[in-house]
Number of protein chains: 2
Amino acid sequence: MGREISSNDKCDMSLCPVNKAMEYLSKKWSIEIIRDMFFGKTRFSQFKEDKPKLSNKVLSDCLKHLESKGIIKKRIISDTPTVTEYYLTERGKSLNKVIYELAVFTIDCNDNEEYLDESARMERKKEFREILDIDIE
Amino acid sequence: MGREISSNDKCDMSLCPVNKAMEYLSKKWSIEIIRDMFFGKTRFSQFKEDKPKLSNKVLSDCLKHLESKGIIKKRIISDTPTVTEYYLTERGKSLNKVIYELAVFTIDCNDNEEYLDESARMERKKEFREILDIDIE
DNA sequence: CGGGATCCGGATGGATACTG
DNA sequence: CAGTATCCATCCGGATCCCG
């Protein structure tokens with residue numbers, strides 16, 4: 001650990017930026033939907049793929065919440081039939097590193113489906129950096 | 001965006017490492033409790049400070065869940081009175097960059113309580129890197 | 001007194017059916 | 001296709017109690 005807490009540190013965590021971030025992301029499906037958007041998904045029905053337990057109601061609520069927070073933007077393509085697309089705003093795109101570190105956490109812990117050796121893990125991370133548009137530092 | 005999705009990409013997101021990470025962190029208070037631990041908190045009552053809406057039951061459930069996932073470890077210090085301390089495991093500590101990027105997201109979006117100029121934001125991030133034990137890269 | 005467990009009402013989530 | 005309406009299940013939050 002970097003340092004210990006001391007009694008005269010001001011430790012009012014209610015102002016911590018991590019809390020603020022969680023206001024945006026604490027809804028159960030938010031992160032996965034944002035991840036989907038980085039992977040190129042834009043449509044209501046696409047977000048439901050691979051998420052059998054995500055209902056219309058909850059997805060609808062979640063999209064509205066993310067839109068109200070300025071993370072995503074809705075664009076109506078056609079009325080009949082209804083075609084709507086959702087995009088990440090610049091602010092939404094700035095979540096790329098959060099998504100990346102979540103992926104890296106799992107990849108490095110090797111609690112993925114299959115075992116990955118060091119070079120495979122590196123490759124997997126590189127794939128994510130490309131998709132998430134993260135520069136190698 | 002780094003690249004677009006194509007129809008013959010295999011896009012089964014159910015295996016995505018981000019999903020796996022969310023199994024650990026999706027509970028409403030998990031991230032904030034882990035953040036608290038990085039800040040040096042170890043006790044049941046400390047986790048409740050600054051979280052007036054966190055009930056005993058939910059905190060208790062959350063700590064058990066994190067322990068079952070290998071993120072934290074419980075240590076009994078004394079029986080009478082009962083004194084218990086909770087610590088991050090190595091695996092838990094490897095969440096430091098996730099926490100960091102959540103903080104950076106808020107700091108850079110300037111949706112913090114107060115407005116921060118560039119140098120103040122840098123300073124704030126540095127504080128987090130020290131607490132989270134992240135090397136400047 | 002600290003670390004819980006229990007109980008219960010309200011909020012949130014999930015499955016299905018239906019509509020513009 | 002993208003939602004809404006409805007109904008039920010599950011989870012959360014607040015109060016209270018328990019136990020060493």
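Every chain is numbered from 1 and lettered A, B, ... according to where its sequence line falls, protein lines coming before strand lines.
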NA contact type, [X], heavy-atom cut-off 4.0 Å: base, sugar-phosphate, or nothing?
X: B:K48; value: nothing
X: B:F47; value: nothing
X: A:K64; value: sugar-phosphate

Open item on the list: For B:Y86 and B:F44, I'd like to know if the aromatic rings sit close, meaning centre-to-centre distance below 6.0 Å.
Closed with: no
Open item on the list: When you compare the side chain of B:R43 with that of B:V83, does any pair of heavy atoms fall below 4.5 Å?
Closed with: yes
Measure from the side-chain heavy atoms of [X] and tell me the nearest of [options].
X: B:T82; options: C:dG2, D:dG3, D:dG14; answer: C:dG2
X: B:K28; options: D:dG3, C:dG3, D:dC12; answer: D:dC12
X: A:S60; options: D:dA2, D:dG14, D:dG3; answer: D:dG3
X: B:K57; options: D:dC7, D:dT16, D:dC12; answer: D:dC12

Would you kindly give the [atom1]-to-[atom2] distance between [X] and [N], to the nearest whole Å?
X: A:E49; N: D:dC1; atom1: CD; atom2: P; value: 11 Å
X: B:K41; N: C:dG2; atom1: NZ; atom2: P; value: 15 Å
X: A:F44; N: D:dA2; atom1: CZ; atom2: P; value: 8 Å

- [ ] Give a yes or no on whether the backbone of A:E32 and the side-chain of B:N19 come within a donor-acceptor separation of less than 3.5 Å.
- [x] no
Open item on the list: With a 3.5 Å distance limit and no angle check, can you tell me whether B:D117 reaches the backbone of B:A120 through a side-chain donor-acceptor pair?
Closed with: yes
- [ ] Let me know, please, whether B:N56 or B:D61 comes out on the 5' side of the other along DNA chain D by nearest nucleotide.
- [x] B:D61
